[in-house]
Student: 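Take this structure first; my questions come after.
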Amino acid sequence: MSSEIRVRFAPSPTGALHIGGVRTALFNYLFAKKNDGKFFLRIEDTDLSRTQEGAEEHIKNSLEWLGLSWEKQVIRQSDQRDLYLHHAKQLIDQKKAYYAFDTPEDLSRLRDELQEQKSAHQHYNALVRVRMRNSLTLPEEEVKDLLEKGVPRVIRFKIDPRHSYAFDDLLRKKIKGHGSALEDKILIKSDGMPTYHFAHVVDDHKLGISHVIRGEEWLPSTPLHGLIYKALEWDLPSWVHLPLILDPHGRGKLSKRNLNANDELPLYLQEWQGIKGFKELGFLPEAVINFLGSLGYRPGPSEEEFFSLTDLEKAFSLSGLAKTSVKYDFAKALWFNEHYIQSCSPDKLLALLQVLIRSRPSKDKVLDPKLQKLLQDENKTRKICELMQKRVHRLPLILENFPLLRTLSEEEKTKYTADIKSLLHNQIPPTWKKQEKAKRMRELRRVLTGQEQGPDLKGLLQCWGESQIFTS
RNA sequence: GGUCCGUUCGUCUAGGGGUUAGGACGCAUCCCUUUCACGGAUGAAACACGGGUUCGAUUCCCGUACGGACUACCA
């Protein structure tokens, strides 16, 4: 076979794609791009009960938003259950796997028992299988009978406890495992669907995957996966286990339940079941790429902090990957986004803001009528962008933080008209003494906006325009 | 409990047998400015611990501690 680089991202459609998964997808994609390889998407929907409506679309939309493209051929595991069954039966014929008829109650009793005995390894293994109901212990006739009657059964992989095994991980040293610490894992569940362990091996082989780049949570089961490859007499892929993204305090894997309710950190790229993602919060895809690409990755000893997807595609190397898990630092994500908002051209920023205004969910706060009026004028909108560009780290803040115009009392109008008119003509009012400019400006800002601080006051006045200021 | 992985400022990291251990985020102070922000400057802040190996270890080896992952007919 060829030495072509072929990688895949294989999420389960059990919910929204979260940023840990996105990062895994990103590194797979980059590795493929850098090496002129192929990047596949595979939907791992072997657990029918957990598959969620819309999740597959959500995953695809998220990747698309970031600009990650995948091979047209998308594999869905639920479409090919016969394939897995075929290979599992092949293993049974070769005595490398066996049928097991234990009921859930049997297994639960077993677990309790092993726990009580404080057994070193609390597994369905070589020590245990000899006293359970399976095709290794039951008479051949009875097994045949049970199978014919359609009694629920699973297919388990037979682990030889006497051997120890070692496999390579490109990021680490050898991954070592002892047969005695491994379990006779289930390959095919009683509903006929394969487990992850079996399905992904079959599919990765079929797709000719050269490198399995996935999260570190799979490291402990990699010896099992290697053993399955060997049992099937297939070539092993190279493994790369990416360190995990931990919650901000490093207390555990980043997940919804690990976050405090008041953390308000986005976990998704795009909205899912009412929870806003990076996109809805006003992040640019460039910022998210840069942020995720800097979590556990450095392009080299360069001190450059900013890189685009294209930069990464050109330069990506596995040697830049860190071995240590990283904490989710949202402040850094905001900083990247601020940078990319600041570097937008006026046209681009205007376009982004217009998309935002159009897609604004109705349940969000209603905009101030005066602001709304400004937004109907493209030149005014452009001015708003100009005034706010250097002041926000998320797009919607351009609107949310834009100072509102107070309604002036008649008395105030009389008092400030001359000053306002001067400033509208870009001139400091002639009646102001030089040393009181700051004081006057502050006073005027307070009168007009009710705030002590904000964007350039002259700019604000010109944006609002004379008629709005006085006719309200 | 068992198995596996990891440990450089609070966070992301660079580095690597001899360095003033470098950068970035965040934080603080100052400058700029009509204010805030932006920008600029400066500052505080790290090699988990103990043993080896070595002339010398933060860097290599071994332990310990700590952290994380896994331990489902979930992925």
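Every chain is numbered from 1 and lettered A, B, ... according to where its sequence line falls, protein lines coming before strand lines. Keep in mind it's a predicted model, so treat the numbers as computed, not measured.
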Student: Given that A:W335 and A:R153 both sit by RNA chain B, which one's nearest nucleotide is further toward the 5' end?
Tutor: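 Its nucleotide being nearer the 5' end, the pick is A:W335.
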Student: Under 6.0 Å between the ring centres of A:F283 and A:Y340?
Tutor: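 So the answer is no for these two rings.
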Student: Applying salt bridge (charged side-chain N to carboxylate O under 4.0 Å, His left out), can you list everything that pairs with A:D47, at least two apart in sequence or on another chain?
Tutor: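 Applying salt bridge (charged side-chain N to carboxylate O under 4.0 Å, His left out) to A:D47 gives A:R50.
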Student: Output all residues satisfying side-chain contact (heavy atoms from CB on, under 4.5 Å) with A:H18, sequence neighbours left out; order by chain, then residue number.
Tutor: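 Partners of A:H18 under the side-chain contact (heavy atoms from CB on, under 4.5 Å) test: A:Y268.
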Student: Once you round it to whole Å, what is the distance between C1' of B:rA69 and CZ of A:R251?
Tutor: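 Computing the A:R251:CZ to B:rA69:C1' distance gives 15 Å.
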Student: Choose from B:rU3, B:rC25, B:rC38 the nucleotide whose nearest atom is closest to any side-chain atom of A:Q342.
Tutor: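 Looking only at side-chain atoms, A:Q342 lies closest to B:rC38.
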Student: Of all of residues 421-437 of chain A, which get a heavy atom below 4.0 angstrom from RNA chain B, listed by number?
Tutor: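 Output list: A:K437.
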Student: For B:rU13 and A:K323 - does any side-chain N or O of the residue sit under 4.0 Å from the phosphate oxygens OP1/OP2?
Tutor: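 So the side chain of A:K323 is outside the cut-off, no N or O lying under 4.0 Å from OP1 or OP2 of B:rU13.
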Student: With a 3.5 Å limit on both atom pairs, tell me what B:rC38 is paired to, counting Watson-Crick and G-U wobble, or say none.
Tutor: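 By the stated definition (distances under 3.5 Å), nothing pairs with B:rC38.
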Student: Mind checking the P distance from B:rA65 to B:rC55? Whole angstroms is fine.
Tutor: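 Rounded to whole Å, the distance is 32 Å.
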Student: Got a second to check how far A:F9's CZ is from A:W70's CH2, nearest 0.5 Å?
Tutor: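 If I round to the nearest 0.5 Å, the distance is 10.5 Å.
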Student: To the nearest Å, how far apart are A:D191 CG and B:rC73 C1'?
Tutor: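 From A:D191 CG to B:rC73 C1': 7 Å.
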Student: Looking only at atom types and distance, does a side-chain atom of A:D45 sit under 3.5 Å from a main-chain N or O of A:R76, one as donor and one as acceptor?
Tutor: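 Judged by distance alone, no pair lies under 3.5 Å.
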Student: Using whole Å, what does the distance between atom P of nucleotide B:rC74 and atom NZ of A:K253 come to?
Tutor: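 One finds 16 Å between P of B:rC74 and NZ of A:K253, rounded.
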Student: I'd like a table of atom pairs between the protein and nucleotides 58-62 of chain B - only N or O on both sides, under 3.5 Å - with the distance next to each one.
Tutor:
none

Student: Out of B:rC25, B:rC70, B:rC73, which nucleotide sits closest to the side chain of A:P104?
Tutor: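 Nearest nucleotide to the side chain: B:rC73.
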Student: Can you check whether A:F31 and A:Y297 have ring centres sitting under 6.0 Å from each other?
Tutor: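 Ring-ring flag for A:F31/A:Y297: false, centres at least 6.0 Å apart.
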Student: Measuring to OP1 and OP2 of B:rA72, would you say a side-chain N or O of A:K185 lies under 4.0 angstrom away?
Tutor: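 So the side-chain polar atoms of A:K185 never come under 4.0 Å of the phosphate oxygens OP1 or OP2 of B:rA72.
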Student: Using atom P in both nucleotides, what's the gap between B:rG26 and B:rC38 to the nearest angstrom?
Tutor: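 That atom pair is separated by 8 Å.
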Student: If you assign A:G454 and A:R23 each to the RNA chain B nucleotide with the nearest heavy atom, which residue ends up on the more 5' nucleotide?
Tutor: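 The answer here is A:R23.
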Student: If you check the A:D47 side chain, which of B:rA72, B:rG68, B:rC74 turns out closest?
Tutor: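 The listed nucleotide nearest to A:D47's side chain is B:rC74.
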Student: Among residues at least two apart in sequence or on other chains, which ones pass salt bridge (charged side-chain N to carboxylate O under 4.0 Å, His left out) with A:K60?
Tutor: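 With neighbours one apart ignored, the set is A:E56.
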Student: Within this structure, what is the CH2-to-P distance between A:W239 and B:rC4, rounded to whole angstrom?
Tutor: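 It is 17 Å, rounded to the nearest whole Å.
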Student: Would you please name every residue forming a salt bridge (charged side-chain N to carboxylate O under 4.0 Å, His left out) with A:D106, sequence neighbours left out?
Tutor: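 If we apply the salt bridge (charged side-chain N to carboxylate O under 4.0 Å, His left out) test to A:D106, skipping adjacent residues, the hits are A:R109.
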Student: When the C1' atoms of B:rU13 and B:rU8 are considered, how many whole Å apart are they?
Tutor: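 9 Å, rounded to whole Å.
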Student: Suppose we define a pair by two distances each less than 3.5 Å, Watson-Crick or G-U wobble; what does B:rA69 pair with here?
Tutor: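 B:rU3 - that is the nucleotide pairing with B:rA69, both distances being under 3.5 Å.
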Student: Give none if B:rA24 has no partner; otherwise give the nucleotide forming a Watson-Crick or G-U wobble pair with it, both distances under 3.5 Å.
Tutor: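 Check on B:rA24: paired to B:rU11, both distances under 3.5 Å.
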Student: Taking any strand in view, what nucleotide pairs with B:rU53 in a Watson-Crick or G-U wobble way, both distances under 3.5 Å?
Tutor: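 Across all strands, not a single nucleotide pairs with B:rU53.
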Student: What is the nucleic acid contact for A:K189, judged by heavy atoms within less than 4.0 Å: base, sugar-phosphate only, or nothing?
Tutor: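 Since a base atom lies under 4.0 Å of A:K189, the category is base.
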Student: Let me know the distance between CZ of A:F307 and P of B:rC25, rounded to the nearest Å.
Tutor: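 Distance, rounded to whole Å: 14 Å.
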Student: Atom CZ of A:F336 and atom P of B:rC25: how far apart are they, to the nearest Å?
Tutor: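 The answer, rounded to whole Å, is 9 Å.
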Student: Does A:L85 have any side-chain contact (heavy atoms from CB on, under 4.5 Å) partners at least two apart in sequence or in another chain, and if so, which?
Tutor: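 Checked A:L85 against side-chain contact (heavy atoms from CB on, under 4.5 Å); matches are A:K89, A:I188.
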Student: If you check the A:E303 side chain, which of B:rG23, B:rC73, B:rU35 turns out closest?
Tutor: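 Selected nucleotide: B:rG23.
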Student: Can you tell me, in whole Å, how much space there is between the P of B:rA72 and that of B:rG10?
Tutor: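 Per the computed distance, 37 Å lies between those P atoms.
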Student: Can a salt bridge be assigned to the pair A:D168 and A:K174 using a cut-off of 4.0 Å between side-chain N and carboxylate O?
Tutor: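 Salt bridge between A:D168 and A:K174, a charged N being under 4.0 Å from a carboxylate O: yes.
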Student: For RNA chain B, determine which residues of residues 108-121 of chain A have any heavy atom closer than 4.0 angstrom to one of its atoms, and list them numerically.
Tutor: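 Only A:R111, A:A120, A:H121 qualify.
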Student: Tell me whether A:E304 contacts the main-chain N or O of A:F306 through its side chain, where contact means a donor paired with an acceptor under 3.5 Å.
Tutor: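 Yes, the answer is positive, given that a donor and an acceptor are paired below the 3.5 Å cut-off.
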Student: Using the P atom on both, measure B:rG50 against B:rG40 and round to a whole Å.
Tutor: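 To the nearest whole Å, 41 Å.
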Student: Please tell me which of the listed nucleotides, B:rA75, B:rG6, B:rC73, lies nearest to the side chain of A:I186?
Tutor: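 Selected nucleotide (nearest to the side chain): B:rC73.
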Student: Is A:E286 salt-bridged to A:K348, going by a charged N under 4.0 Å from an acidic O?
Tutor: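 The answer is yes: the pair qualifies as a salt bridge.
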Student: Side chain of A:T195, heavy atoms from C-beta onward: which of B:rC74, B:rA69, B:rC38 has the nearest atom to it?
Tutor: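 Selected nucleotide (nearest to the side chain): B:rC74.
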Student: Ignoring hydrogens and geometry beyond distance, is a side-chain donor-acceptor pair present between A:H87 and A:Q90 at under 3.5 Å?
Tutor: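 A donor-acceptor contact under 3.5 Å links the two side chains.
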Student: According to salt bridge (charged side-chain N to carboxylate O under 4.0 Å, His left out), who are the partners of A:E57, at least two apart in sequence or on a separate chain?
Tutor: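 Salt bridge (charged side-chain N to carboxylate O under 4.0 Å, His left out) list for A:E57, sorted by chain: empty.
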Student: Roughly how many Å is it from CD1 in A:I341 to P in B:rA37, rounded to a whole number?
Tutor: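 Atom CD1 in A:I341 sits about 17 Å away from atom P in B:rA37.
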Student: State whether A:E305 and A:R298 are salt-bridged, where the test is any N-O pair (Lys NZ or Arg NE/NH1/NH2 against Asp/Glu carboxylate O) under 4.0 Å.
Tutor: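 Yes, this pair counts.
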Student: Among B:rA72, B:rC5, B:rC38, find the nucleotide with the atom closest to the side chain of A:L219.
Tutor: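 In terms of side-chain proximity for A:L219, the closest of B:rA72, B:rC5, B:rC38 is B:rC5.
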Student: May I ask you to say what A:R440 touches in the nucleic acid, namely base, sugar-phosphate or nothing, with a heavy-atom cut-off under 4.0 Å?
Tutor: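 Since no nucleic acid heavy atom lies under 4.0 Å of A:R440, the category is nothing.
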Student: Between B:rC32 and B:rA37, how far apart are the C1' atoms? Round to whole Å, please.
Tutor: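 After rounding to an integer number of Å, I get 12 Å for this pair.
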Student: Report which part of the nucleic acid A:T46 touches: base, sugar-phosphate, or nothing (heavy-atom distance under 4.0 Å, all strands).
Tutor: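 Sugar-phosphate contact only.
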Student: How long is the line joining CH2 of A:W218 and C1' of B:rC4, in whole Å?
Tutor: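 Between C1' of B:rC4 and CH2 of A:W218: 15 Å.
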Student: Applying side chain to side chain donor-acceptor pair (under 3.5 Å), name anything that partners A:S302, two or more places apart in sequence or on another chain.
Tutor: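 Checked A:S302 against side chain to side chain donor-acceptor pair (under 3.5 Å); zero matches.
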Student: Scan residues 161-170 of chain A against RNA chain B and write down, sorted by residue number, each residue with any heavy atom closer than 4.0 Å; if none is found, say none.
Tutor: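 None - not one residue of the stretch has a heavy atom sitting under 4.0 Å from the strand.
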Student: What nucleotide, of B:rG6, B:rA75, B:rA69, holds the atom closest to the side chain of A:P220?
Tutor: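 Comparing B:rG6, B:rA75, B:rA69 against the side chain of A:P220, the answer is B:rA69.
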Student: Are any protein N/O atoms closer than 3.5 Å to N/O atoms in nucleotides 8-12 of chain B? If there are, list each pair with its distance.
Tutor:
unit_1 : atom_1 : unit_2 : atom_2 : d
B:rC12 : OP1    : A:K327 : N      : 3.0
B:rC12 : O2'    : A:S294 : O      : 2.8

Student: Mind checking whether A:L395 and A:L353 have side chains closer than 4.5 Å, heavy atoms only?
Tutor: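 Sidechains of A:L353 and A:L395: no contact.
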